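Just so it is clear, the model here is predicted, and its values are computed rather than measured.
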Amino acid sequence: MSVSSLTLLDLPVEIILAILEDCGYQEILACKLTCRRMYDTISGSISLRYLLELAANGMRDDHRSSLGKIQRLNLLAEHETAWRTLSWSDNTSIDTLDGWGEPVSVSGNIIAFRNAYAKPDASSEELLLLRAPSKLRNVQAKRWVVQLPPDTQDVCISSAQDLLVYRCGTKSFHFCSLSTGEKHPLVQHSGTFEAANSWGYRVGSMRVYGDSFAIASEQGLYISTWNWKSGEQESDFMASLQHSTFDFLDEHHILFPSSIDDSLYVYDTRAMPPMDSRRRKLKGTHCFEISMPRFLSNHAACGIELRCNSLSAGQDASPASFHADPHQRMVTLLITAGPNPTGAHGHSRRGQCEIHARASALLAWTKMHPAPPNASVVVPWSAWGPAAARVVVPRVDDTILCASKSKFLGSGMRVITPPSSRGDGTSVVTVMDYHPARVFRGLRAEKQRCHNSHTYRTAPTQHGTLAQADPEWDNNKQGPRASTNSRSRSKSLPLPSFTSSAGVRGMSVTDVIKNLVFGGWNGPPQPRVRETAVKKLQFLEKDIPLPQELQLDNTRPVFDVLCEDAVMFYTIVPGRNTIQDAHWYTF
């Protein structure tokens with residue numbers, strides 16, 4: 001047999017497996033579907049099965065782990081089951097948080113707390129760092145304290161880079177190791193840079209993602225980005241933010257909301273270099289319109305606030321068996337009608353709703369429809385919202401609603417709600433999962449368990465329900481629905497998609513692999529228009545009960561935080577912003 005006539009199937013199994021281990025999960029799946037031999041070869045490989053399970057669970061491997069592939073594969077399966085069924089590994093109180101302030105930053109499994117009792121004349125301030133344990137990811141619990149200057153104004157952490165950023169005074173930024181508090185080893189400057197000479201506004205908030213570090217003005221008018229390792233300024237643009245809130249979608253794209261025109265603006269920081277004399281009045285390279293819920297449409301003014309996603313942009317500095325994919329995350333928006341009459345720690349949430357959107361969908365739009373110079377691409381809600389976003393309103397049967405004041409309600413593709421009390425007196429938090437593969441598996445499992453029923457739109461479980469987005473299922477209808485799934489749905493349809501040109505890029509991965517496996521290259525197929533399908537954002541939804549000692553009542557609100565491996569609950573001392581009781585469920 002000549003070398004030119006060899007196909008992939010003619011190679012030894014060891015070489016085939018070595019080739020496939022360097023491929024992505026899409027290519028591995030495509031090969032698995034080509035023939036029986038490839039199916040059996042891939043199914044019999046622990047390494048390839050582990051790679052496929054990582055992708056199906058939204059995880060990435062941590063090559064520093066000392067565990068074998070079989071052990072990690074088993075832990076991965078247990079981790080997926082634990083989160084799908086909300087079967088936590090540990091349920092304990094956190095006594096070490098008594099007297100500390102509320103969380104100021106969350107990244108991965110690390111939660112940061114500032115010392116609420118710091119004296120004005122003290123020589124330093126303490127920052128408490130708490131790492132949540134995970135038996136299923138082999139992460140050890142840890143508690144340590146870092147000393148900060150007494151004039152520290154703001155704190156931001158990144159567990160993936162062992163990075164602690166804090167601001168002192170007006171515009172002095174310090175970049176330190178999260179583990180030690182010393183100068184970060186990757187900085188190429190003194191570890192501190194002053195933004196006063198290049199930035200003439202009071203700092204309101206700051207964020208970090210990869211090598212990029214961004215700050216927003218206190219009035220929410222401008223955002224500037226720097227490379228925190230080199231200290232060089234990268235971009236400078238007008239934002240017109242609400243509440244000075246923004247976040248990174250990835251290292252080069254910043255997202256900020258605007259309640260003036262009910263839109264989300266995405267800005268490519270590479271589109272504009274810093275300008276010393278005059279700023280370009282471009283609010284964003286892409287504008288994604290938002291559809292306001294009906295019950296808010298009669299209000300003259302609505303505020304839109306962006307909640308941070310605590311998913312770390314990479315693997316944590318501490319080794320683990322696997323970690324969440326940093327590119328799969330949800331964007332959470334809090335929409336409030338007019339001023340909040342309950343204050344910072346009130347109970348009313350009737351005038352609020354949330355919008356959950358997939359960050360990857362927003363990034364896909366920016367890549368498919370690049371903005372022309374000095375212009376912005378406007379994307380209507382009907383084009384992106386139904387398939388990538390969901391409007392979440394308070395349940396109609398909740399009796400006590402904690403005002404949605406927590407900043408850290410999302411981690412990766414999971415989002416939690418503030419605590420609420422059901423009509424039967426139980427206090428719960430709803431956990432929602434939007435990862436497509438995990439949703440598919442969860443819905444399939446519920447369908448199998450409910451095969452005797454004519455519908456599996458929702459099904460009660462031990463802790464709540466699994467749900468599927470359905471725009472025709474009105475939460476005010478009194479039909480035969482499960483009471484634990486009362487959410488509004490969008491009723492718009494997405495735009496059609498089509499293959500624009502012929503070529504290998506227009507082929508599916510399966511077609512390419514089939515040509516390589518069986519030989520005989522006949523060229524790419526002709527371009528074809530794909531049929532438009534009605535796509536809706538699907539999700540899993542389950543209730544998790546509050547700890548017995550933190551049940552809701554009319555005098556004490558309970559707040560919650562979601563990190564990669566834990567859900568934390570805490571209460572506040574009345575009249576003081578210090579933690580009174582804290583509890584968490586770890587997975």
Side-chain angles (χ1 to χ4, degrees), residues 90-134 139-159 162-168 174 176-181 205-206 307-308 310 312 316 318 343-345 402-409 411 416 418-419 429 546-547 549-550 555-586:
D90 203 359
N91 173 6
T92 58
S93 298
I94 316 175
D95 298 331
T96 56
L97 292 182
D98 292 350
W100 286 87
E102 295 187 70
V104 294
S105 187
V106 181
S107 179
N109 261 13
I110 299 180
I111 309 175
F113 307 84
R114 295 184 66 174
N115 190 346
Y117 293 116
K119 298 179 180 180
D121 57 346
S123 60
S124 65
E125 179 189 341
E126 291 183 332
L127 180 71
L128 173 64
L129 297 159
L130 198 64
R131 184 171 67 201
S134 174
V139 176
Q140 303 299 318
K142 185 179 179 180
R143 179 189 184 276
W144 71 103
V145 175
V146 172
Q147 300 296 326
L148 301 178
D151 60 340
T152 300
Q153 304 297 319
D154 198 5
V155 172
C156 180
I157 66 174
S158 173
S159 62
D162 190 36
L163 176 63
L164 165 65
V165 184
Y166 61 88
R167 175 173 61 90
C168 292
H174 302 254
C176 306
S177 167
L178 186 61
S179 302
T180 64
S205 58
M206 57 185 186
R307 301 300 176 85
C308 295
S310 63
S312 181
D316 285 352
S318 60
H345 293 141
C402 281
S404 185
K405 289 295 179 181
S406 177
K407 300 178 182 178
F408 312 105
L409 296 176
S411 179
I416 61 176
V429 164
L546 265 65
E549 64 270 24
L550 295 180
T555 61
R556 184 182 66 167
V558 179
F559 304 96
D560 51 349
V561 173
L562 177 66
C563 57
E564 189 168 350
D565 287 308
V567 182
M568 188 185 80
F569 310 92
Y570 64 92
T571 59
I572 298 296
V573 177
R576 308 180 66 177
N577 291 326
T578 59
I579 294 178
Q580 184 177 34
D581 297 303
H583 200 105
W584 63 12
Y585 301 146
T586 57

Work out which heavy atom in [X] is nearest to a heavy atom in [Y]; give both atom names and the distance.
X: Gly108; Y: Cys563; answer: O-CB, 3.2 Å
X: Ala112; Y: Leu127; answer: CB-CD1, 4.2 Å
X: Val146; Y: Gly181; answer: CG1-CA, 3.7 Å
X: Ile579; Y: Gly101; answer: CD1-O, 3.4 Å
X: His583; Y: Glu549; answer: ND1-OE2, 2.7 Å
X: Arg307; Y: Leu409; answer: NH1-CD1, 3.6 Å

Quiz item: Which is it for Lys407 and Val561 under the side chain to side chain contact (heavy atoms under 4.5 Å, CB included) test, yes or no, and what are the steps along the way?
Solution: CA-CA 8 Å; Lys407 300 178 182 178; Val561 173; over 6 Å; no
Please answer whether the main-chain N or O of [Y] pairs with a side-chain N or O of [X] as donor and acceptor at a distance below 3.5 Å.
X: Gln147; Y: Val145; value: no
X: Ser93; Y: Asp581; value: no
X: Ser310; Y: Phe408; value: no
X: Asn109; Y: Asp565; value: yes
X: Ser107; Y: Ser159; value: yes

In Å and rounded to the nearest 0.5 Å, what is the [atom1] to [atom2] distance from [X] to [Y]?
X: Tyr570; Y: Asp98; atom1: OH; atom2: CG; answer: 14.0 Å
X: Leu128; Y: Asn115; atom1: CG; atom2: CG; answer: 9.0 Å
X: Ser411; Y: Ile416; atom1: OG; atom2: CD1; answer: 9.5 Å
X: Leu550; Y: Gln580; atom1: CG; atom2: CD; answer: 9.5 Å
X: Glu126; Y: Phe113; atom1: CD; atom2: CZ; answer: 14.0 Å
X: Ile110; Y: Leu130; atom1: CD1; atom2: CG; answer: 9.5 Å

Quiz item: Does Tyr166 reach the side chain of Pro149, with side-chain heavy atoms less than 4.5 Å apart?
Solution: yes
Quiz item: Is the shortest heavy-atom distance from the side chain of Val567 to the side chain of Leu562 under 4.5 Å?
Solution: yes
Quiz item: Would you say Gln153 has more than 12 foreign heavy atoms packed within less than 6.0 Å of its CD?
Solution: yes
Quiz item: Applying the side chain to side chain contact (heavy atoms under 4.5 Å, CB included) test to Ser105, which of Val165, Leu164, Leu129, Ile157 qualifies?
Solution: Ile157
Quiz prompt | Worked check of side-chain hydrogen bond (donor to acceptor under 3.5 Å, both in side chains) between Asp162 and Ser179 | solution = CA-CA 7 Å; Asp162 190 36; Ser179 302; 2.8 Å; yes
Quiz item: Side chains of Thr152 and Glu125: do they bring a donor and an acceptor to under 3.5 Å?
Solution: no
Exercise. Kindly assign one of parallel, tilted or perpendicular to the pair Tyr585 and Phe569, based on the angle between their ring planes and the thresholds 30° and 60°.
Key: perpendicular
Quiz item: Partners of Thr92 by side-chain hydrogen bond (donor to acceptor under 3.5 Å, both in side chains), sequence neighbours excluded?
Solution: Trp584
Practice problem: Please lay out, stage by stage, how Cys168 and His174 fare under the test side chain to side chain contact (heavy atoms under 4.5 Å, CB included). | Solution: CA-CA 8 Å; Cys168 292; His174 302 254; 3.8 Å; yes
